Amino acid sequence: MKIPTTPTDRAKYAAAKAALDLVQPGMRLGIGTGSTAAWFVELLGARVANGLGVVCVPTSSTTAAQASKLSIPQITLDEAGWLNLTVDGADEFDADLNLIKGGGGALLQEMIVATASDRMVVISDDSKEVAQLGAFALPVEVVRFGWETSQTLVARLIAAMGYKNVKIARRMKNGAAFVTDEGHYILDLHLGAITDARGLSTALNRIPGVVETGLFIDIAHAVLVGYADGRIREIGANGEGPERHVEVPQ
Ligand code: 5RP
């Protein structure tokens, strides 16, 4: 079992541990992608090794590989049909539980899995909490065919919506274009501040070639914010619940 060593990792671990309390035997779970979700998968693996019976749908090949190593039973989303709970990280979240996701490039599967769940719970350290979404570059997944045309249409749309001097960059990895698990490219939109997340999401999704955006609107049911000392804040649809604590290895 891995142990968190930095304050940020302890905060992510705390949030992941708090989310583990939501898991019940027999559940069908969606498991997210990224460094915070990886703590959840790690902790879940330990519970499975101790006899917890759950089945999981991973949101990326990376998470699937981690779950396999930990012998966590996996099924496809089509086999599951519907999920009880999805636990995933985020790049930004606001007080209305709207998110930017996709920093790890898994936004499409993450959105499909989260949407097919009774409940989606975000786990995060407090650095992801924002008053307004958009400081984190918004990932937009586009099909490879004609991607430059899609990029031009995205640029025209955001200019028409009043965003100025927006840099749009095709995501790169190790000197080559980043390709998602579904075989697409990602355009990162450096918007600075998003004034109408819902309108932007709808408009971007209408552009031919755009598969999905990292704007998760009305999808998350709660955010568990972890701190290095084990404190947990839970933000739900009706605001914040009482603070609680989980044990974090020091
Ligand atoms: C991957 C995601 C991640 O959940 C998001 O990028 C947060 O990652 P991390 O927990 O490593 O900060 O959306 O596509």
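All residue numbers in this chain count up from 1 along the given sequence. Counting starts at 1 for both ligands and their atoms, following the listed order. In this text, all values refer to a predicted model and were calculated from it rather than measured experimentally.
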Worksheet item: Taking only heavy atoms of G105, which atoms of ligand 1 are found under 4.0 Å from at least one of them?
Response: 14 (O)
Item to complete: Pull out every atom of ligand 1 sitting under 4.0 Å from any heavy atom of D88, numbered as shown with elements.
Response: 4 (O)
Worksheet, complete the sentence: Near G103 (heavy-atom distance under 4.0 Å), the atoms of ligand 1 are 6 (O), 13 (O), 14 (O)
Worksheet item: Which residue and non-hydrogen atom of the protein lie closest to atom 10 (O) of ligand 1, and at what distance in Å?
Response: T36 OG1, 2.5 Å
Item to complete: Considering only non-hydrogen protein atoms, determine which one is nearest to atom 1 (C) of ligand 1 and report residue, atom name and distance to 0.1 Å.
Response: E110 OE2, 3.1 Å
Worksheet entry | Results of side-chain contact (heavy atoms from CB on, under 4.5 Å) for T36 - residues two or more places apart only | K12, I123, K128
Discussion item. At less than 4.0 angstrom from any non-hydrogen atom of D91, what atoms of ligand 1 do you find?
Written reply: 5 (C), 6 (O), 7 (C), 13 (O)
Worksheet item: Polar-atom distance check: A106 versus ligand 1, any N or O pair below 3.5 Å?
Response: yes
Worksheet item: Are R10 and Y13 in a cation-pi setup, meaning NZ or CZ lies under 6.0 angstrom from the ring centre and within 45 degrees of the ring axis?
Response: no
Item to complete: Determine, using the 4.5 Å side-chain heavy-atom cutoff (strictly less than), whether L200 and L187 are members of one ILVMFWY cluster.
Response: yes
Worksheet entry | Closest approach of any protein heavy atom to atom 12 (O) of ligand 1, naming residue and atom | K128 NZ, 2.8 Å
Worksheet entry | G89: numbered ligand 1 atoms lying under 4.0 Å from its heavy atoms | 4 (O)
Practice prompt. Would you tell me whether S61 and D181 have side-chain atoms, one donor and one acceptor, within less than 3.5 Å of each other?
Written response: yes
Worksheet entry | Protein contact of atom 3 (C) of ligand 1 - nearest heavy atom, named by residue and atom, plus distance | T33 O, 3.1 Å
In residues 110-121, what donor-acceptor pairs under 3.5 Å come from side-chain atoms, sequence neighbours left out?
{"from": "E110", "atom 1": "OE1", "to": "K101", "atom 2": "NZ", "distance (Å)": "3.1"}
{"from": "E110", "atom 1": "OE2", "to": "K101", "atom 2": "NZ", "distance (Å)": "3.4"}
{"from": "T115", "atom 1": "OG1", "to": "M111", "atom 2": "O", "distance (Å)": "2.6"}
{"from": "S117", "atom 1": "OG", "to": "T86", "atom 2": "OG1", "distance (Å)": "2.6"}
{"from": "S117", "atom 1": "OG", "to": "V113", "atom 2": "O", "distance (Å)": "2.7"}
{"from": "D118", "atom 1": "OD1", "to": "W82", "atom 2": "NE1", "distance (Å)": "2.8"}

Discussion item. Taking D126's backbone N and O only, do any of them form a donor-acceptor pair with S124's side chain (distance below 3.5 Å, no angle check)?
Written reply: no
Practice prompt. Determine whether any heavy atom of G102 lies closer than 4.0 Å to an atom of ligand 1.
Written response: yes
Practice prompt. Under 4.0 Å, heavy atoms only, figure out whether ligand 1 is touched by the backbone of S60, its side chain, both or neither.
Written response: neither
Worksheet item: Which residue owns the protein heavy atom closest to atom 11 (O) of ligand 1, what's the atom, and how far is it?
Response: S35 OG, 2.5 Å
Worksheet entry | Side-chain donor or acceptor of T213 paired with backbone N/O of V140 under 3.5 Å | no
Fill in: Validation row: D229, V248 side chains within 4.5 angstrom (heavy atoms)
no
Worksheet item: Do N205 and E212 have side-chain N/O donor and acceptor atoms under 3.5 Å apart?
Response: yes
